[in-house]
Structures are given as C-alpha cells and as structure tokens.
Amino acid sequence: PKINPTAVVIFGATGDLTQRKIIPALYHLRLHNRLPEHFVIIGFARRPYGEKEFRMLLKQALEDFSHTHPIDQEVWHWLEKNIYYLQGDLANPEDYIKLARLLETLPEAKYYRANHLFYLATAPKYFPVVAENLAKAGLNPQAGELEQRRLIVEKPFGTDLNSARELNAILQKYFPEKSIYRIDHYLGKETVQNLLYFRFGNSIFEPLWDRKYIDHIQITVAETQTIGSRGEYYDAAGASRDMLQNHLMQLFSLIAMEPPASLEAESIRDEKVKVLKSVPIPSAEEWIHNSVRAQYGPGILGGKTVKAYREEDKVSRKSLTETYVCVKLEVDNWRWSGVPFYLRTGKALAKQFSEICIVFNRPPCVLFANSTKKVARNWLKIRIQPNEGIHLLFNTKVPNQPALEEAKMDFYYRKYGGHYFPEAYERLLLDALAGESTLFTRSDEVEYAWKIIDALRNAWNEEDCDAIPLYAPGSMGPVEADELLRRDGRYWGPPP
Ligand code: BG6
C-alpha cells in the first residue's frame, strides 16, 4: 500500500507496548522499505526524558525485542534521527497544545502536514482522555482537510458492553469511525489473514464448509505462561475478557463468516458482524451448561514450580477469576445450524499453540461395519502458531490388511518458499498508516462480541460459589472441559 509522509505520535511512549511491539514493528517496516522517506515518531510520556534518553531507550528495546538480529545500524540511524520526545501529562490539555506546536514546527512538517497517526499505547482509562484532549488542541480530523488524522486504540476495548459503548461514543465524538483503528493483534497474524485466503481461494474446501459436512469446529488458544507480573490487570479481566471476547471471537467469526462481496474492509467486517449476530445469546442456565471456567492451582510446569493463581502477586486470595475458559457456541444460520463451535483458551497449560480444527462428519460406515474401530472423522487443522501450517487427516487402507488407518498431509509455511513472516504489529501499523481498516475491529463488532461475553459473565456471577475448578499447571486444562465435549460424543484434538 502507498504510505504518505506521516507523523506518528505514541502516547505511553516509554511503556512496555512501545518497546516490545511498536518500535520493533516500525524498524522492520523501514528495513523492508515500507516507510515513506518523510516520517517522524514523537513519543509522548510523563518521564522527564530528553530526546537522547528516549532514543537510547528505544534502541535498547530494539536490541531486546526485535525478532530479527543483528539490528541493521543504518536503518536504526535513519529511524533515530526521526524520533522526538515530548514530556507531557496525558490529562493536561496544555500539553496537547505543545504537541500541536511541535507537530507544526518540525522540519518534516511541510511533508506530513496533517497526516498524523495517534497511537494510544496507554492504560485504557486514558483512551477517552487523550481523544478529548487531542480534539481540544484541534488535533482531531477537521472538516475539509485532505490529510488524515487517525487514532489507533489498543485493547482492552471496554470491560463489558456498556463501557465499550461509552468508549465508542466518546471516541466517535471526536474521530469519525473510519479514522479509528481498534487493535486486535490476532488479525495482524499472517495465519489469521490466511483464513480468508484459504477459505475463499480454494474450490475444494469451501463447498464442504457447512452443516452438511462438518460435525463441529474447535478453536484453541493455549498458553504455557502464567500471569507473572500482570496480576492487577488480569484479576479484573480473566480469560473471558482478556482472550475470548477478542482474539477467539475474531478467529470464530473468520472461520464462520459468509464469503464477503469484496475484500474491502466494510464488506469483510459486515460478514463478521453477521456471524456474531447469529449467535443466540444463551440463558444463564444454558451458559452454565455450555461453559467451563477454571483456575490454575499450584504445580510444576516445564520443570519449574508454579504457584497457584490465587497466590500470584496482586491477585485476590479469594479470586474467582478464570485463567481458563471453554465455551460451546451455536450459530443460528443456514450454514451452521446444529454445528457446535467449541472455543477454549487458558494460561499455564501444557503446550503453547493456537489451532482451529474443522472436524468433518463420519462417513457412512456400512463398508467397514466389521472393523473393530470406528472409521475416524476427517480433521482439517489450521495451525495459527507456532509452526504455522495446515494439516489434513484422512483415512487410508493399511497396506496388506483389510483395514483403515489415519494418514496426515502436512503443510508448513516455513518449509515453503522462504518468505519473510512479519510480526502482527508490522502489518497492523502498515495498514493503519495506509488507511486500510480491514484488520481492525469495527465498533459494532466489538459491541456484539461483548454482548455474548457479558451474558456468559453474568451467568457466572449469578452462581453462588466461593471457588471455581482448579487445573494443574502443565495440563491441558480442567477435566470439566473434556467432559463438555465428551457428553456430545466428541473430544479435543490432542496438542501438537
Ligand atoms: C494478549 C493477552 O492480548 O494476547 C495476553 O492480553 C496473551 O494475555 C496474548 O498472552 C497472546 O498473544 P500471542 O500473540 O502471544 O498469542
């Protein structure tokens, strides 16, 4: 995509996200010649830094977090000379006037003019504050302006439907929807983008993509890490808000959506929203029946002792926050009626992997009725990460025996073509710079996803309990999650 000269302003510029994701992403974009010649980065944060210290911080961040090494010094020098720092208080309107002045007076200003990309890499409570203060300083989009002022908003986007609606309303008061880029970094992953390309770029899978041929679909995002130092945030969020409402719901809508009219952002987002709208909101009772929440207890993971979630730093000792969640969703439309979608995600699990399994109907077994084993279903496994790839499980004859056995066809991206795999944030920043919003979530999308998750959380809140099931760190989650499938005559695909 064509990128115009731009000034990127990062709010929360000395924070973790800037160091881990944003700066490495901008560096790689430059490394691959995707940034325009006239480009500046302004860090806005409270620490009393000068330009020199800020640049040093970012250089160190690049050394620590870049996914390629060594760092190309020429590229870094180019980036460095375009980095500025403004010490400011997010809540102080005066500091935004200073920002406006800085934006106008930098030597590159004659090129980027009002092409400003504001990145909200702050704590969520500041999202509305920054938007409002930008507007007070005249830094929101102005009528008749040819250049674009855009806003990137990090997650979490609200903590429930009401707060998401309020946040949408405030942001949209100052920035039109088309200039708001809500991040869900899963959409920036190559393998997630591939879901559409794979589904609609082949003629052999899509005809099977419905209730006639598919028995059920599983979506797993399993993580080995524990909560670590994120206790304060996580204890208020839990897996349902931290992962299910956003990343898993995105995978779900991409796998279930109808073919869009075009690859334009609005066509794709329309179809994704339709999927969310087709999920009948379960009653509290149904939700309890169709969901499992659990917490990791104490144990051993990868040879290391892990303390129970309730013993983690900044976590309530009586916490009911789930570090694991599993749900069964229905989609009430022509394509999917009767096909369950099982979604699960958790921390401190045995393996780190994200995978979507499409499990097909069992063939009629008349020909193999005498076999001692049931004919296995065909599985199509789409591995989102790591070892990105696609695997097809099917039955073949055992040579020299009148029996079937399961065979597997494997495709691994990394063995194929030697392509460069960009990090999710590289793609997302590039798209936001280009004004391409397909890989960002639209306001209604966020709200519909919250509607589903709110109902789930309300059902849990109504349950009168002082503990939730525990699972052992290093396991694949609580037995209740296995039971949820077993009672339907199904089982989770084994971890890779
Ligand atoms: C973040 C969550 O959004 O996604 C984290 O807040 C989680 O809890 C992370 O670990 C997972 O992202 P990835 O790209 O490592 O799968």
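Here the structure is a predicted model, which is why all the values come from computation and not from measurement. One-based numbering, in listed order, for ligands and for the atoms of each.
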Original post:
Cation-pi between Lys189 and Tyr186: NZ/CZ under 6.0 Å from ring centre and within 45° of the ring axis?
Top reply: yes

Original post:
Under the 6.0 Å and 45° cation-pi test, does Arg199 pair with Phe205?
Top reply: no

When you measure from [atom] to every protein heavy atom, which one gives the shortest distance, and what is it?
atom: atom 14 (O) of ligand 1; answer: Lys189 NZ, 2.6 Å
atom: atom 6 (O) of ligand 1; answer: Asp242 OD1, 2.6 Å
atom: atom 16 (O) of ligand 1; answer: Tyr186 OH, 2.4 Å
atom: atom 12 (O) of ligand 1; answer: His185 NE2, 3.1 Å

**OP:** Might you work through the ring-ring contact (aromatic ring centres under 6.0 Å, His included) test for His216 and Tyr342, ending with a clear yes or no?
**Re:** CA-CA 8 Å; His216 73 282; Tyr342 301 95; 5.5 Å; yes

Original post:
Based purely on interatomic distance, does Glu223 place a nitrogen or oxygen under 3.5 Å from a nitrogen or oxygen of ligand 1?
Top reply: yes

Original post:
Considering distance alone, does some N or O of Tyr233 sit under 3.5 Å from an N or O of ligand 1?
Top reply: no

Original post:
Are side-chain heavy atoms of Arg269 and Phe440 found at a separation under 4.5 Å?
Top reply: yes

Subject >> Min side-chain heavy-atom separation Glu445-Met249 under 4.5 Å >> reply: no

Ligand-residue contact atoms, ligand 1 with [X], heavy atoms, under 4.0 Å:
X: Lys155; value: 1 (C), 2 (C), 3 (O), 6 (O)
X: Met243; value: 2 (C), 4 (O), 7 (C)
X: Gln225; value: 10 (O)

**OP:** Return yes if some donor-acceptor pair links the side-chain N/O of Arg47 with the main-chain N/O of Ala45 below 3.5 Å, else return no.
**Re:** no

Subject >> Per atom 4 (O) of ligand 1, closest listed option by heavy atom (His247, Arg230, Glu154) >> reply: His247

Subject >> Proximity winner for atom 15 (O) of ligand 1, if only heavy atoms of Glu423, Gln385, Lys347 are counted >> reply: Gln385

**OP:** Evaluate side-chain contact (heavy atoms from CB on, under 4.5 Å) for Asn378 paired with Ile358, printing each intermediate quantity in order.
**Re:** CA-CA 8 Å; Asn378 301 136; Ile358 320 295; over 6 Å; no

Original post:
So, does Tyr234 sit close enough to ligand 1 that a heavy atom of it is under 4.0 Å from the ligand?
Top reply: no

Subject >> Pair Arg383 + Glu388, salt bridge at N-O below 4.0 Å >> reply: no

